[in-house]
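Below: one structure, written as structure tokens.
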Amino acid sequence: MSRRLPHGGDLVDRDRPVTVLVDGDPVAAYAGDTLASALLAAGRRQVAAGTYTGRPRGVVGLGAEEPNAFVQVVSGPGEPMVRATELEVHDGLAVQRLAGRGRLPLGEDDTRYDHRWTHAEVLVVGGGAAGVDAALEAARDGGRVVLADDQVSLGGWSVGALGPDLDEQVARLETLPNVRVLPRTTVVGLYDHGQAVAVERRTDHRPDAPAHVARRRLWHVRAAEVVVATGAHERPLVFPDNDRPGVVLAGAAAQYVRRFGVLPGERAVVWTAHDGGLRAALDLAAAGVELVAVLDVRDEVAPGLAAELATHGVTVRTGAEVRGTDAGPDGALARVHVRHDGTIVTHDVDLLAVSGGLNPAVMLFSQAGGRTRWSDDVAGFVPDVPPPDAAHPVRVVGAAAGGLRDDELPPAAWFVGDVDSQEAERVFLDPQRDATLADLRRAHGAGLTSVEHVKRYTTIGTAADQGRGFGVLTVGVLAQVLARPVGEVGTTTYRPPYAPVSFALLAGRDRDALSDPVRVTAIHDRHVADGVPFEDVGQWRRPWYVPHQGEDLAASVRRECAAVRTGVGMMDASTLGKIVCRGADVGRFLDRVYTGLFSTLKVGSIRYGVMCGPDGMVVDDGTVARIGEDEWLVTTTTGNAAAVLDSLEEWAMTEWPELDVAFTSVTDQWAVVAVAGPRSRDVLAALAPDLDVSNEAFGFMQWRDAVVGTLPARVMRISFSGELAYEIDVPAWYGAALWDAVRRAGEPFGITAYGTETMHVLRAEKGFPIVGQDTDGTVTPGDLGMGWAISPRKVREGADFVGARSLQRADAVRPDRRQLVGLVPTDGSSAIVEGAQLVAAGADLTDLPVPMLGHVTSAYDSVTVGSPFALALLESGRTRHGEELDAVDSLVPVRVRVVDPVPYDPEGARRDG
Amino acid sequence: MRTSERLPEHPEFLWQDREPRGAYDVVVVGGGGHGLATAYYLARHHGITNVAVLEKGWLAGGNMARNTTIIRSNYLWDESAGIYEHSLRLWEGLEDELETPVLFSQRGVLNLAHSLGDVRESRRRVNANQLNGIDAQWLDAAEVGKLVPILDVTDRPRHRVLGATYQPRAGIAKHDYVAWGFARAAHALGVDIVQNCVVEDFETDGDVVTAIRTSRGRIACGTLALAAAGHSAVLAERLGVRLPVQSHPLQALVSELLEPVLDTVVMSNAVHVYVSQAHKGELVMGAGVDPYVGYGQRGSIHVVEEQMAAAVELFPVFARAHVLRTWAGIVDVTPDASPVVGHLPPYANAFVNCGWGTGGFKATPGLGAVYADTIAHGRPHPLAEPFALDRFRTGRLIDEHGAAAVAH
Amino acid sequence: MMSLPCPHCGPRDETEFGYGGQAGVAYPARPGDLDDRAWAEYLFVRDNPRGWSTERWVHRAGCRQWFVLRRHTVTHEIESPA
């Protein structure tokens with residue numbers, strides 16, 4: 001049964017028929033239809049069901065105010081809960097009807113979503129008459145104007161009604177070079193400082209669009225001024241059984257006729273509170289709808305309109321009301337009960353067109369921080385106090401500002417009837433949520449008076465339409481129930497987004513590899529070619545271990561460790577943070593930010609340093625090399641490089657601006673290869689024949705410039721393994737060449753590449769803590785046994801450094817602080833697990849809670865120690881050497897003995913080779 | 001068209017708003033979850049019923065109305081585990097206690113680990129939890145995938161899932177039901193609930209707070225108990241005390257109702273995603289805390305964008321879900337990410353409770369009971385003792401940033 | 001997304017900046033002279049205004065300079081730097 005009129009409907013293209021599938025059934029439509037208009041044209045009245053009751057529901061509105069008609073799109077990438085009134089039809093579109101709840105499609109969504117940014121002097125939201133007017137005005141002086149409109153073409157719903165003037169204005173606007181018109185674009189949020197965010201629908205209506213075109217685009221517009229011209233949303237009146245398919249907003253019904261050439265019904269009752277509704281009745285009558293009754297809640301109506309309606313044989317019954325409806329066998333509207341002059345009359349109809357007035361669309365204004373007030377004239381909430389940030393004005397114009405035509409102004413009319421009636425549970429205030437007047441009364445009875453409480457108690461306004469259709473109506477009814485003025489009851493807060501936005505669109509292109517940058521070193525390709533497994537450290541990707549064929553982590557690490565301890569190994573150490581400090585006062589500055597003394601460091605020398613926060617807790621460590629009188633190189637841990645640079649600059653700029661210091665991050669400018677092991681000197685000698693590598697000429701903690709292979713390099717003699725070791729730094733673009741050169745030169749010595757795991761084992765065997773692994777922000781230098789790193793001279797002279805004062809607090813000097821210790825299993829073989837908690841030996845693990853004394857921070861199977869070996873933070877740890885404890889992981893204890901945290905070469909004999 | 005189950009109905013009667021009287025034994029400032037629970041336990045456990053709860057707006061309209069309702073107790077340090085586990089046990093009996101549904105659903109909480117460092121710290125926390133008698137387990141990636149099939153535990157995501165800590169007894173509840181349940185029960189025991197009552201100033205006599213000046217008149221108090229989250233700092237300042245609390249926006253959002261896809265709470269601190277599917281079917285998600293002090297209760301879009309990018313990485317099926325509503329709660333955080341509970345020195349009869357950061361909701365019953373006990377006896381409850389204000393002077397912090405750095 | 005006025009680079013998106021908290025809290029000249037309470041005050045206690053806030057920001061992804069601005073913590077109004 002087609003309800004398509006033989007002609008009319010400027011939005012549809014009758015030359016382009018389209019078929020869509022609804023629950024598998026083909027529905028004929030035209031290009032330009034929305035799914036809602038197509039369904040109405042096909043006479044498919046039930047388009048949804050109540051979330052809980054399953055009561056049949058139909059199309060009520062025209063656009064964003066639609067509360068019922070949400071469908072599941074099952075064609076294309078699929079999408080849950082799409083509003084049928086905003087879904088453009090196209091061939092191949094397939095949907096399923098829903099009961100207020102969508103389904104997440106399980107397949108991949110590989111369509112593209114992107115983000116764009118733009119700036120404008122003026123952003124106009126809404127392309128109706130008021131918006132077009134505002135855009136033309138704004139464009140006059142040449143400033144950049146963006147006009148975003150959620151419809152397919154500009155003009156809003158007044159196209160045609162306002163005649164050729166508007167058409168001409170639209171045409172002019174579209175030719176202006178300084179105006180960007182974005183149709184099919186919904187502004188969903190107004191944020192701080194003139195930022196607007198808008199969703200542009202780019203390909204849904206053109207299934208032939210190439211795959212590289214983003215399906216949707218999220219615009220970020222930064223505008224000096226925002227003009228909100230979003231119009232007004234029609235609202236219904238409520239009555240018992242007001243939720244049946246066939247109960248349609250009167251203005252929307254008339255627009256379906258005019259814009260889509262669709263009759264939403266054949267026999268109708270129209271019930272309205274304002275002249276706009278009567279005008280809609282005229283439109284319906286003119287299109288051939290049989291009007292069996294036109295009712296108006298007002299006691300009087302304009303004689304002109306009444307006379308016009310009379311020409312269609314209809315008398316306007318004032319003071320009349322709808323008292324209820326009945327459904328036919330299909331669950332849709334079949335009868336309307338009307339009370340007029342004290343009697344109830346029943347009409348057989350398939351359409352009940354209602355209009356209770358218009359709600360100015362103040363959502364964006366309200367989101368931006370504007371305050372609204374109740375207007376008796378408009379019978380709605382209108383903009384009152386503008387958003388507080390006057391530097392970024394938000395101006396509301398047209399119907400959104402309450403600028404309604406006189407004949408659209410209704411008296412405040414909500415529920416016409418007895419709020420206490422038994423029928424209240426069939427008076428739907430939020431049809432999608434199946435929330436009723438009875439729920440609202442119950443909320444009131446429970447003691448609730450705040451509209452926010454009532455909303456939460458009843459769930460009214462929380463459905464996918466966020467109360468756009470019925471929200472103000474509910475406030476009105478609540479005011480009725482509370483017997484308070486509407487303005488006093490107020491509205492709930494409007495939150496972004498104005499319309500639902502998909503997660504994928506918000507994510508944009510930040511998916512997969514682009515979701516977070518991966519940082520790789522200049523030598524990375526070599527590691528990839530070697531097939532090494534990587535470890536993520538912050539954003540860096542570092543070689544974890546370097547297995548020979550068939551080796552697992554443990555076997556590889558054993559081999560790598562042995563190579564460094566007995567021969568020579570090489571690793572890519574490029575990720576360590578590197579900061580160049582320049583200026584006459586760098587030494588003094590470093591004395592203040594490190595615990596140690598640096599101003600005495602000689603050019604050519606290197607010193608280890610520990611950095612604390614003002615709270616005295618260790619935040620980073622690394623080496624400092626003095627490159628020249630006024631140039632120093634600070635290294636940081638891999639993960640902390642940015643934070644340390646930030647912190648150095650902050651101290652220098654905000655606290656000690658009198659110091660001559662400046663900082664440059666050079667982490668990415670240098671590639672670094674560490675060469676470690678007793679044979680490392682041989683490798684370096686082979687690589688740099690001109691460099692005197694003897695211990696006398698190139699001592700521990702010194703650096704030298706050298707030519708390594710053919711590369712200009714800086715060689716540092718530092719060791720994180722306890723072995724004789726060097727770090728060779730070259731400009732990053734030589735990284736791979738350096739790697740190759742070291743590997744070639746090392747070959748005769750059996751050089752072995754190793755990764756972070758081996759590095760960790762080797763340093764643990766020397767008791768070198770890793771900040772962030774063996775510390776957690778609660779550990780002082782003293783706890784790490786690094787009291788030696790606090791300059792005695794600074795202490796003696798009372799010189800301050802960051803954190804010094806905190807280290808004198810009561811808690812920092814407690815003897816029972818957790819201190820770094822070593823652990824070995826008493827049986828010499830049981831593995832100790834990182835993260836295991838330490839408890840008294842033999843503690844009953846079933847008698848909870850079990851007091852914990854500390855935890856294992858690092859644990860490895862150490863060939864060098866000859867057994868598993870762990871580092872741990874342990875209460876009073878330094879006084880417990882020799883004691884036995886249980887290290888508990890997953891409630892399984894391993895008996896361990898507390899040992900010195902430096903099990904290997906404690907006297908440091910090996911560092912000179 | 002498949003219909004959904006309705007949630008249990010709210011009680012027929014909740015509470016009646018009162019005109020404030022001139023004096024109370026205890027005045028609780030702040031009508032959020034904590035203030036209401038405190039008033040309830042004062043009456044229920046200690047027989048102190050001459051109590052007013054003053055709320056500046058509508059009851060439980062602050063963070064109670066804006067949080068993501070995650071409840072868990074798997075905190076690292078003994079002190080935190082103590083109070084949160086106490087709270088979790090009360091949650092487990094809360095429906096019986098309050099005789100109203102609170103929709104506490106023990107669906108389990110996963111905290112994902114994405115790096116070897118995360119794994120290490122996760123295991124540390126699980127072991128600490130187990131020895132503290134808290135149900136906690138370490139799950140490897142395959143086990144996580146079995147528990148949450150829509151979570152991508154393959155090598156594909158930028159931040160791969162290496163495993164997770166799992167607390168089966170953890171879960172979610174429905175915040176309005178909780179707040180109103182406490183309000184109803186407190187009201188029934190004689191507590192006065194006073195809404196739209198703004199505290200403007202205090203009257204003191206030496207080290208005693210004698211009265212509170214409000215927008216609805218002067219109210220004398222035997223004891224003053226602040227429970228106003230970040231606003232506690234503003235109030236304490238009126239009493240000449242500066243609290244180490246900063247208020248930050250924390251964004252959250254919900255999707256439309258969706259058929260069930262997720263029956264576990266999943267949290268990833270590394271990429272700032274916290275998600276559960278609430279009882280009705282909406283996805284409820286929280287993001288990271290904005291770095292600056294702010295009281296604006298609306299979100300900033302870039303935070304939501306980052307959060308969605310991370311969420312879709314972990315849960316590819318979320319791509320087509322829609323954000324229906326975003327907002328920001330205001331979390332009050334302390335330097336060590338642990339709360340301040342106890343005396344408000346130098347006042348003998350004033351107490352403070354604030355600084356819960358993202359932990360406030362889950363602590364509601366536990367804090368209420370502990371704070372009420374502290375107020376009733378004029379000395380800190382043993383579980384509150386470590387959270388005294390004085391720890392910032394001594395340095396004995398309870399640092400829940402580092403190792404257990406899991407917000408919410 | 002706020003737009004913050006970097007005094008050197010002009011208005012830029014909030015994501016380019018780092019927040020430094022309350023302005024005007026100087027590092028004590030002689031921390032050793034402070035008692036524990038005063039030191040704790042310096043370390044941990046900052047204003048938490050609901051309203052105008054004078055605070056430090058750094059243009060981290062830009063010129064990396066620190067600067068002070070006044071921002072309203074509720075409305076996010078920015079008072080242009082003098």
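None of the values given here were measured: they were computed from a predicted structure. To find a chain, count down the sequence lines: A is the first, B the second, and so on, and within it residues start at 1.
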Applying a strict 4.5 Å limit to non-hydrogen atoms, the region of Leu218(A) in contact with chain B is side chain
Greatest number of non-hydrogen atom pairs under 4.5 angstrom with chain A, of Met1(B), His187(B), Arg123(B), falls to Met1(B)
If you tally heavy-atom pairs under 4.5 Å between each of Gln96(A), Met617(A), His220(A) and chain B, the highest tally belongs to His220(A)
Cut-off 4.5 Å, heavy atoms of chain B, and the answer for Arg541(A) is side chain
Under 4.5 Å to a heavy atom of chain B? For Val197(A) that would be side chain
Greatest number of non-hydrogen atom pairs under 4.5 angstrom with chain B, of Arg97(A), Arg433(A), His115(A), Arg456(A), falls to Arg456(A)
Bottom line for Ile770(A): the part with an atom under 4.5 Å from chain B's heavy atoms is neither
Turns out that what part of Gln130(B) lies under 4.5 Å from chain A's heavy atoms comes down to both
inquiry  = Assess whether a salt bridge exists between Glu313(B) and Arg158(B), defined as any Lys/Arg side-chain N lying under 4.0 Å from an Asp/Glu carboxylate O.
reply    = no
Okay, Phe392(B) and chain A: the region with an atom under 4.5 Å from a heavy atom over there is backbone
Whatever's closer than 4.5 Å to a heavy atom in chain B on His855(A) counts as side chain
When the 4.5 angstrom heavy-atom criterion is applied to Val833(A) and chain B, the contacting part is side chain
Spell out, as yes or no, whether a donor-acceptor pair under 3.5 Å connects the side chain of Asp439(A) to the backbone of Thr458(A).
-> no
Honestly, the part of Arg396(B) sitting under 4.5 Å from a heavy atom of chain A is both
Distance col, row Thr111(A):OG1 vs Glu79(A):CD, nearest 0.5 angstrom, shows 9.0 Å
* List the steps, then state whether salt bridge (charged side-chain N to carboxylate O under 4.0 Å, His left out) holds for Asp536(A) with Arg160(B). => CA-CA 10 Å; Asp536(A) 281 351; Arg160(B) 210 147 53 97; 5.8 Å; no
Whatever's closer than 4.5 Å to a heavy atom in chain B on Asp434(A) counts as both
Counting heavy-atom pairs under 4.5 Å with chain A, the top scorer among Leu258(B), Leu14(B), Ile150(B) is Leu258(B)
Looking only at Ala128(B), Gly133(B), Pro316(B), the option with the highest number of non-hydrogen pairs under 4.5 Å against chain A is Ala128(B)
If one checks every heavy atom of Trp58(B) against chain A at 4.5 Å, the contacting part turns out to be both
So, the part of Val126(B) with a heavy atom under 4.5 Å from chain A: the answer is neither
Give a yes-or-no answer on whether the side chains of Gln195(A) and His302(B) include a donor-acceptor pair shorter than 3.5 Å. no
Among Ala309(B), Pro260(B), Pro335(B), Ala310(B), the residue with the most heavy-atom pairs under 4.5 Å to chain A is Ala309(B)
When the 4.5 angstrom heavy-atom criterion is applied to Thr857(A) and chain B, the contacting part is backbone
Applying a strict 4.5 Å limit to non-hydrogen atoms, the region of Pro11(B) in contact with chain A is backbone
Original post:
Counting N and O atoms only, with roles assigned by atom type, does the side chain of Arg511(A) sit under 3.5 Å from a partner on the main chain of Val312(B), one being a donor and the other an acceptor?
Top reply: no
Exercise for the section: Could you verify whether a donor N or O on one side chain and an acceptor N or O on the other, from Asp399(B) and Thr778(A), lie under 3.5 Å apart? Expected result: no
Ranking Arg809(A), Glu834(A), His453(A) by heavy-atom pairs under 4.5 Å to chain B gives rank one to His453(A)
Okay, Glu5(B) and chain A: the region with an atom under 4.5 Å from a heavy atom over there is backbone
Gln367(A) side chain vs Leu190(A) backbone, donor-acceptor pair below 3.5 Å: yes
Take His444(A) and Val454(A), measure what side-chain contact (heavy atoms from CB on, under 4.5 Å) needs, and give me the verdict at the end. CA-CA 7 Å; His444(A) 179 232; Val454(A) 171; over 6 Å; no
Under 4.5 Å to a heavy atom of chain A? For Leu283(B) that would be side chain
So, the part of Gln837(A) with a heavy atom under 4.5 Å from chain B: the answer is both
Okay, Leu891(A) and chain B: the region with an atom under 4.5 Å from a heavy atom over there is both
When the 4.5 angstrom heavy-atom criterion is applied to His114(B) and chain A, the contacting part is neither
When the 4.5 angstrom heavy-atom criterion is applied to Ser450(A) and chain B, the contacting part is side chain
When the 4.5 angstrom heavy-atom criterion is applied to Arg393(B) and chain A, the contacting part is backbone
Given Glu282(B), Glu9(B), Arg2(B), the one with more heavy-atom pairs under 4.5 angstrom with chain A than any other is Glu9(B)
Counting heavy-atom pairs under 4.5 Å with chain A, the top scorer among Ala60(B), Ala321(B), Ala136(B) is Ala321(B)
For this session: Test side-chain contact (heavy atoms from CB on, under 4.5 Å) on Tyr177(B) and His279(B) and set out the steps.
Result: CA-CA 12 Å; Tyr177(B) 286 72; His279(B) 307 79; over 6 Å; no
*How about Gln773(A) and Ser858(A): does a side-chain donor come under 3.5 Å of a side-chain acceptor?*
yes
_I'd like to know if Arg125(B) pairs up with Glu121(B) as an ion pair, taking the criterion as any Lys NZ or Arg NE/NH1/NH2 lying under 4.0 Å from an Asp or Glu carboxylate oxygen._
no
Test your reading of the model: is there a side-chain donor-acceptor pair from Gln432(A) to the backbone of Thr51(A), 3.5 Å cut-off? no
- Message: Check the orientation of Phe503(A) and Phe318(B). Use parallel for under 30°, tilted for 30 to 60°, and perpendicular for over 60°.
- Response: perpendicular
Cut-off 4.5 Å, heavy atoms of chain A, and the answer for Ala270(B) is neither
Comparing Phe70(A), Tyr113(A), Trp544(A) against chain B, the one with the most heavy-atom pairs below 4.5 Å turns out to be Trp544(A)
Applying a strict 4.5 Å limit to non-hydrogen atoms, the region of Arg509(A) in contact with chain B is neither
Does Gln251(B) use its side chain to pair, donor to acceptor, with the backbone of Ser300(B) at less than 3.5 Å?
yes
With sequence neighbours left out, the residues meeting side chain to side chain donor-acceptor pair (under 3.5 Å) with Asp78(B) are Asn132(B)
Checked Ala504(A), Gly102(A), Pro849(A) vs chain B; the most non-hydrogen pairs under 4.5 Å come from Gly102(A)
Interface check, chain B: of Ala836(A), Gly445(A), Pro105(A), Ala843(A), most non-hydrogen pairs under 4.5 Å belong to Pro105(A)
Bottom line for Val839(A): the part with an atom under 4.5 Å from chain B's heavy atoms is side chain
Check your understanding: Does Arg124(B) count as lying over the ring of Trp77(B), i.e. NZ or CZ under 6.0 Å from the six-ring centre, within 45 degrees of the axis?
Key -> yes
Measure from the side-chain N and O atoms of Thr69(B) to the backbone N and O of His175(B), and report whether any donor-acceptor pair falls under 3.5 Å.
no
When the 4.5 angstrom heavy-atom criterion is applied to Pro388(A) and chain B, the contacting part is neither
Donor-acceptor under 3.5 Å (Arg814(A) side chain, Ala810(A) main chain):
no
Item to complete: Please confirm whether the backbone N or O of Arg103(A) pairs with a side-chain atom of Arg320(B), one donor and one acceptor, at under 3.5 Å?
Response: no
